[in-house]
Amino acid sequence: MTSNPLLSGLNEQQFQAVTLPAQSALILAGAGSGKTRVLTTRLAWLISTGQVSPHGILAVTFTNKAAKEMLARLTAMLPMNARGLWIGTFHGLCNRMLRAHWKEAGLPQLFQILDSADQLSAIKRLLKALNIDDEKFPARELMYFINSAKEQGLRPHEVEAFDDFARKRVELYQAYEAQCQREGVVDFAELLLRCHELLQRNEPIRAHYQRRFRHILVDEFQDTNVLQYRWLKLLAGLGTDGQAAVMAVGDDDQSIYRFRGAEVGNMRDFEREFHVDNVIRLEQNYRSHGNILDAANAVIRHNSGRLGKNLWTEAGSGEPLRVYEAFNDIEEARWVVEEIKALIHDGTARDDIALLYRSNAQSRVLEHALFSAGIPYRVYGGLRFFERQEVKHALAYMRLIANPHDDTAFTRVVNFPTRGIGARSLEQLQDAAQAHSTSLYGALNFLTGKAAQSVGAFIKLVDQLRFACEGLKLPEMVEQVLELSGLRAHYLTEKEGQERVANLDEIINAAANFISEEGYAQVAAEDETAPPDPLSAFLSHASLEAGEHQADAGQAAVQLMTVHSAKGLEFDVVFMGGLEEGLFPHENSVLERDGLEEERRLMYVAITRARHRLYLSFAQSRMLHGQTRYNLRSRFFDEIPAELMKWLTPPASARGYGGFGSSSAVPAAPASSNPRSFGSGRKNPAVNDSGFRIGQQVAHAKFGAGVIVNAEGSGSDARVQVNFGAHGVKWLALAVAKLTPA
DNA sequence: TTAGCTGGAGTTTTT
DNA sequence: CTCCAGCTAA
């Protein structure tokens, strides 16, 4: 052991990971095992021991938040100049390289970045220009197709197409590429693909970066896609003499982004291709009590093909998990609110409480209950600052200053605020642009008549803006844009427009901050580029980092979010609601190959968010898509050892809601196509005189667990319809079938 | 050009 | 049920 103070307090595995010699390594970092600490300490250790200069390090993350945190913690440990440090997101780093080598990458110097919304509108515009039937080729689908092709590293000519439909799609992909190139814009996937191609084709540039980056660190490696992994291999010079040391840190059990291209298999491939001879496992958890970890371990054990890992803690086992069975979703929410009130009363801070759910639709009922109770709450997942329409409008004007041929920006604001340029004029303009293969801005010269006049006025405005902004500092530029474009005036006259005006003004602040803060400094620190243009750097920043999620950060509030957005966070108390078959695991996932395993990993993530107390709840019935659905409780309950759970409701389902009621026949509900969840249009009527009621969970000797979804008849004729999940939905005569409350 | 209607869809999300 | 996109009528 050295006496290096950086290393004090590390456990054995952490120490081992931090002080590994310069070789490639795979770190399996369990939830709450001090992953970020290891990553940052590793960086600090490498630098402080003189093994590598800050110049020789590349650290990649997925989110700006993670990159910022890493940088902040590193500079706190080891005061240094952040200039020249390559710590950032995949997209941010690729952008940086492309800015430096725009010529070699075949891009205009001031290329703009399309965010997803921009990309979608660019595709819609393309489809319209080509007169494509958008029934057959919906823009969203085409966008998904293009992005996934790019994420596999495939250009149009490399995509296999065996039928006319597929060939047409590829053709559209090609047309989209041509359009982007013409307009000087790149989408997110293009940043990566372009950068990969640059490195692959340009030997001197590749050699330069391979020589430079001696240590590459990758965070959340399980979330990398095919292209990102290839990019890493290229940068690391895999298989070359001077191969860099790559430290991949990740957790296969927390891989929950396959739906957006993440390839867990990269972990195994990495282990093999980089000849990793010892995988380091960080299994000691510093976050949760033992019972919570035991539950998480028990659930994830049902997955196959894991790299293997078992979380443990030195903290005690703590209390058991608290399980609640609710009558319906509304009652579930009411119960959550009652518990929260008690928790707050006992001194738990509101923002130490999180309400997690599988899908966003579930937040409504919770919000309603919290609102009625007057408990401050905060929902994650809304619009972010740079995604708001007024902000995007202002940015579009700025994009036109940087590049008047940016047709996406052009179409966005050509008639906003309205200036009499309707669909007709725009269509003429688009036709002219198409005919003379020029941008919309450039097509003015080919227009005649009324359209020429109105469009001419707008183009004059764009020129005027560019002229007025020449030599101005960024914040002053924003100021000019807001005034001259008429945006501020427009929102001032709009009722309820004050917030939008405030957001517009906030762009000025954002620009000022950007100039003074690291955002710009990082780009400015680029050693091999000419001084970058602040405007275009700011626009990239706006696309690459959409800003904070909209929520009032004011008073401490109860946190509401999906399990996905909770990844990486932790809370004293976690409520995991809606644990029902069909919802979690989600019905769509059950059909996908290995979909259930991904749901299970999601459950694992959910459980491991809790530090001290974890509530699990489900409802017998729930309003979904305007229909009441009766679902079985989630199979995940069966995967958690019973001794870890304390049921807050009497032995599953035996509570006497409903009881007896009308004995008249209830019309039969339509059979469900999904065997494990079941929908019916009616509320929860009490059923015949059998003591059973709709929504109740029951057990059958042959079919196992089920839930009553319908009933009819009374006395000896009483029959109930039961959803037995995998065993199907069946009508059973109560006089004959042995059905017991479960 | 905009308001108002109608129909369709409805996991998860970062850059 | 509830949101959104796209269409029709003023």
Side-chain angles (χ1 to χ4, degrees), chain A residues 60-67 88-95 113-121 124 128 134-135 138-140 144 147 150-151 186-193 195 219-220 223-225 227-228 255-262 329-330 356-365 368 380-382 384 386-387 415-426 454 494 540-547 549 561-568 578 582-592 595 598-599 601-603 605-606 622-629 679 681:
Chain A
V60 204
T61 63
F62 274 86
T63 64
N64 292 298
K65 197 175 151 206
T89 62
F90 279 98
H91 295 85
L93 296 171
C94 285
N95 178 46
I113 299 168
L114 301 182
D115 67 20
S116 329
D118 297 332
Q119 187 188 15
L120 186 65
S121 61
K124 281 183 180 163
K128 213 165 188 183
D134 55 1
E135 296 268 280
R140 288 201 160 276
Y144 177 79
N147 288 342
K150 288 188 182 186
E151 279 160 15
V186 296
D187 57 50
F188 287 137
E190 185 72 23
L191 282 172
L192 289 163
L193 185 51
C195 189
D219 191 17
E220 305 279 15
D223 288 339
T224 52
N225 63 30
L227 183 56
Q228 285 159 340
S255 163
I256 56 174
Y257 285 114
R258 200 182 48 165
F259 70 91
R260 67 173 196 214
D329 48 349
I330 295 168
L356 306 186
Y357 34 82
R358 172 68 236 270
S359 61
N360 287 305
Q362 289 166 256
S363 76
R364 293 183 57 83
V365 186
H368 182 78
Y380 282 76
R384 296 182 302 170
F386 286 113
E387 292 167 353
N415 198 34
F416 196 96
T418 50
R419 41 178 80 88
I421 303 175
R424 281 179 309 281
S425 308
L426 209 54
S454 55
E494 206 179 56
S540 299
H541 166 79
S543 296
L544 288 172
E545 188 169 358
H549 271 297
M561 64 190 84
T562 62
V563 182
H564 281 92
S565 8
K567 190 178 159 208
L583 242 156
F584 197 8
H586 194 277
E587 53 197 351
N588 295 357
S589 315
V590 184
L591 307 171
E592 290 163 15
E598 180 124 328
E599 294 291 297
R601 291 192 288 268
L602 201 50
M603 182 64 184
V605 169
R622 171 178 305 274
M623 260 311 213
L624 201 65
H625 306 331
Q627 281 201 317
T628 307
R629 296 171 39 128

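Below, chain A is the first sequence line, B the second, and so on; all start at residue 1.
- N360(A) comes within contact range of the sugar-phosphate backbone alone, with a heavy-atom separation under 4.0 Å but no base atom that close.
- Residue F90(A) is classed as having no contact, given no heavy-atom separation below 4.0 Å to the nucleic acid.
- Partners of R419(A) under the side chain to side chain contact (heavy atoms under 4.5 Å, CB included) rule, at least two apart in sequence or in another chain, are Y397(A), N415(A), P417(A), I421(A), F458(A), L461(A).
- Under the side chain to side chain contact (heavy atoms under 4.5 Å, CB included) criterion, D118(A) pairs with L114(A), D115(A), K392(A), R399(A), T408(A), not counting sequence neighbours.
- Applying the 5.5 angstrom centroid cut-off and the 30 degree plane-angle cut-off, the aromatic ring of H586(A) is stacked upon the base of dT11(B).
- With its ring centre under 5.5 Å from that of the base six-membered ring and a plane angle below 30°, F259(A) counts as stacked on dT12(B).
- Take the nearest nucleotide of DNA chain B for H564(A) and for R419(A): the residue whose nucleotide is more 5' is R419(A).
- Looking at which nucleotide of DNA chain B each of I256(A) and R424(A) is closest to, the 5′-most match is held by R424(A).
- For the pair M603(A) CE and dT12(B) P, the interatomic distance rounds to 18 Å; values are reported in whole Å.
- Taking the C1' atoms as reference points, dA5(C) lies 22 Å from dT12(B), given to the whole Å.
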- Could you walk me through whether E599(A) and R358(A) pass salt bridge (Lys or Arg N to Asp or Glu O under 4.0 Å), step by step? CA-CA 9 Å; E599(A) 294 291 297; R358(A) 172 68 236 270; 2.7 Å; yes

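- Within the nucleic acid shown, N64(A) comes within 4.0 Å of sugar-phosphate atoms alone, with no base atom in reach, counting heavy atoms only.
- Relative orientation of the H541(A) and F386(A) rings is perpendicular, given thresholds of 30° and 60° on the angle between their planes.
- Checking dT11(B), dT1(B), dT14(B) against every side-chain atom of T418(A), the shortest atom distance belongs to dT1(B).
- Taking only distance into account, the side chain of S116(A) meets the base of dT15(B) through a donor-acceptor pair shorter than 3.5 Å.
- Across all strands, E592(A) comes closer than 4.0 Å to base atoms (heavy-atom distances).
- By the side-chain hydrogen bond (donor to acceptor under 3.5 Å, both in side chains) test, T562(A) is found to be paired with S565(A), residues two or more places apart in sequence or in another chain being considered.
- A 4.5 Å side-chain heavy-atom check between T89(A) and L544(A) finds every atom pair outside the cut-off.
- One can place NZ of K65(A) at 10 Å from P of dT15(B), the figure rounded to the nearest angstrom.
- V365(A) is linked by a side chain to side chain contact (heavy atoms under 4.5 Å, CB included) to D329(A), I330(A), A333(A), counting only residues two or more places apart in sequence or in another chain.
- Between S565(A) and dT12(B), a side-chain N or O to OP1/OP2 separation shorter than 4.0 Å is absent.
- Distance from the side chain of S359(A) is smallest for dT11(B) among the nucleotides dT1(B), dT11(B), dT15(B).
- Taking only side-chain nitrogens and oxygens, R384(A) comes nearer than 4.0 Å to OP1 or OP2 of dT15(B).
- Taking atom C1' in both dC3(C) and dT14(B), the straight-line distance is 23 Å, to the nearest Å.
- In this structure, M561(A) atom CE and dT13(B) atom C1' are separated by 14 Å, rounded to whole Å.
- One can place OH of Y257(A) at 7 Å from C1' of dT14(B), the figure rounded to the nearest angstrom.
- Evaluated for a salt bridge (charged side-chain N to carboxylate O under 4.0 Å, His left out) with D223(A), the options R258(A), R601(A), K567(A) yield exactly one hit, K567(A).
- We find that CG of L191(A) is positioned 13 Å from P of dT15(B), with the value rounded to whole Å.
- Put simply, CZ on R140(A) is 14 Å from P on dA9(B), counting in whole angstrom units.
- Note on I421(A): only backbone sugar-phosphate atoms sit closer than 4.0 angstrom, heavy atoms only; bases stay farther off.
- Look at CG on L120(A): it is 18 Å from P on dT13(B), rounded to the nearest Å.
- At the heavy-atom level, F62(A) lies under 4.0 Å from the strands shown only through sugar-phosphate atoms.
- Computed from coordinates, the N147(A) CG to dT13(B) P distance equals 17 Å when rounded to whole Å.
- Side-chain atoms of S589(A) lie closest to dT11(B) of the nucleotides dT13(B), dT11(B), dG6(C).
- By the side chain to side chain contact (heavy atoms under 4.5 Å, CB included) test, K65(A) pairs with T63(A), L569(A), sequence neighbours left out.
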Identify the pairs formed between an N or O of the protein and an N or O of nucleotides 1-3 of chain C at a distance under 3.5 Å, and give each distance.
| from | atom 1 | to | atom 2 | distance (Å) |
| --- | --- | --- | --- | --- |
| dT2(C) | OP1 | R364(A) | NH2 | 3.2 |
| dC3(C) | OP1 | R364(A) | NH1 | 3.4 |

